[in-house]
Amino acid sequence: HSAGGDLYNAAEDLIGRNLAAGRGDKPAFIDTNGSHSYGDLDRETKKFASALASAGVRMEERLLLCLLDTIDFPVCFLGAIRYGAVPIPVNTRLTAEDYDFMLEDSRARVLVVSEALLPSFLPHIKNHPFLETVLVSGKDGHGFTLLSDFVAGQSEDFQTAPTRPDDMCFWLYTSGTTGKPKGAVHLQTHLIDTADLYAKPILEINEDDIGFSAAKLFFAYGLGNGLTFPMSVGATSVLLEGPPTADAVCQILKEQKPTIFYGVPTLYGMLLASGALPKKGEHSVRIATSAGEALPSELARRFTDVTGVRILDGLGSTEMLHIFLSNRIDDITPGASGLPVDGYELRLVDDDGTVIEEAGQIGMLEVKGPTSAMFYWNQREKSRETFQGYWTRTGDKYTRDERGVYAHAGRSDDMLKVGGIYVSPVEVESAILKHESVLEVAVVGHADHDGLIKPKAFVVTRQEITGDAALADEIKAFVKQALASYKYPRWIEFMDDLPKTATGKIQRFKLRDGFE
Ligand code: 3SK
């Protein structure tokens, strides 16, 4: 790593390497407001760090960042790291209760929130004794300090904190079947390691690339795609502030001419359905990536037919920070996740923990590599289950063929991946159960017309209530109100009874597609 001696700071490295290479005037990010050079980023992160010092923030204190994809994201994320504080980017589509939990769990001292997202914080913002500074990214602070005022007049002369390679650098929350989200604690070296191990060798990213990640920066996947990877080589990253609708994404592909496009299967399905995808010759994308859930081979084939671009499907995790299993530009197995990324070791184990050597057997995938999170904050037991010495358990079931190619075979828990984000069926069931007409419910994954998984609810109504289309719509709307909207059940099937074990436990597996 570039810092001398025993010190290493991820922000100093990612920015400093570009200044040292003479890229001070080169665009690092392009957002709705225009272009922001590596020099601008250097100055703005220093100003943000100076402002944190003025506000009395100490090294290692946490900042919760609930930010849309604009230049303020990299400035606050890297500025906090430069300061030696710990940024926690969070999903921008969650509920007030989710954010309440995250503020409490992290004891964040600073919250930086996009103006449009502030309403989701207001119900609980006063309940957090550790939260001292609330900054609003936007034009109106609604009674809180504007981020622009916070940094105005601050010094551009800031000495980066003396952090070490194994210092806590940032957290990312991830969810499980039961319980609250878990903060995966990542170290200073993890960002650059994902670029060195995946983006450089597999995507062959270089300084002439323009990257565009439709997956947002708050996801581990988007953070690598949209921030670490371009910065690691002095490339440029296009940021989309709003939702990645087919129109918005296609407009960027046609006008900003990215050379690398990072998507998720649901988005590839949407882009194809829109009919607006630029054809061969109307864009500059040289390679596309997919992660978050397995990419159906049919979607990949249709995308390549229209655009002429191949999609590299891969598997990563929030715990490992980015992709550790991937197809290669010259070696794509349709419908599979590909081969281990060099620098990571993979193995399949059976239910007893015995390593499976034979090809074709299903096992739980475990991964060993330098970017594994240290633990989940405040979650000893869950940390022990996932981080077992050098090996990290992914929770995904996989098979490996004779050549060593891995293909997804489901989850070992009941978790669903919806549009690349984990959804707990238990959480959706709890929300549905609060509806006055519902007696019992079970939620499972169900494949849509593109073969992509979405939540489906099997509902038993209370006596004398008829389950019909109107009630189904009402329940869907009810869940959308209670939870992040991507979690709502796309289908509701009314049943007289749910399948149960002798002890009364609902047997979700009997409701899944394909169960006879
Ligand atoms: O879901 C994935 O495959 C993924 C990929 C990269 C980083 C993070 C995640 C969860």
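Each ligand, and each atom within it, is numbered from 1 in the order the structure gives. Quantities reported herein were computed from a predicted structural model and do not represent experimental measurements.
Counting only N and O atoms by type, the side chains of E12 and T163 include no donor and acceptor under 3.5 Å apart. With hydrogens and angles left out, the side-chain atoms of D193 and H322 include no donor and acceptor closer than 3.5 Å.
Using a 4.0 Å cut-off to heavy atoms of A220, the atoms of ligand 1 that qualify are 7 (C), 8 (C). Atoms of ligand 1 lying under 4.0 Å from at least one heavy atom of H322, given by number and element, are 6 (C), 7 (C).
Between L321 and ligand 1, no N or O atom pair is found at a separation short of 3.5 Å. The shortest N or O to N or O distance between I323 and ligand 1 is not below 3.5 Å.
At a 4.0 Å cut-off, not a single heavy atom of G420 sits close enough to ligand 1 to count as contact.
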Walk me through it: do M374 and F387 pass the test side chain to side chain contact (heavy atoms under 4.5 Å, CB included)? CA-CA 8 Å; M374 205 158 47; F387 305 105; over 6 Å; no

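Nearest non-hydrogen protein atom to atom 10 (C) of ligand 1 is S317 CA, 3.5 Å. Distance from atom 3 (O) of ligand 1 to its nearest protein heavy atom, with residue and atom name: G316 N, 2.9 Å. Closest to atom 1 (O) of ligand 1 among all protein heavy atoms lies K417 NZ, 2.8 Å.
Proximity of a side-chain donor or acceptor of D209 to a complementary backbone N or O of G211 within less than 3.5 Å is not detected.
Among residues two or more places apart in sequence or in another chain, the side chain to side chain contact (heavy atoms under 4.5 Å, CB included) test is passed with K180 by F101.
Using the six-membered ring where Trp is involved, F229 and Y262 have ring planes that are tilted, between 30° and 60° apart.
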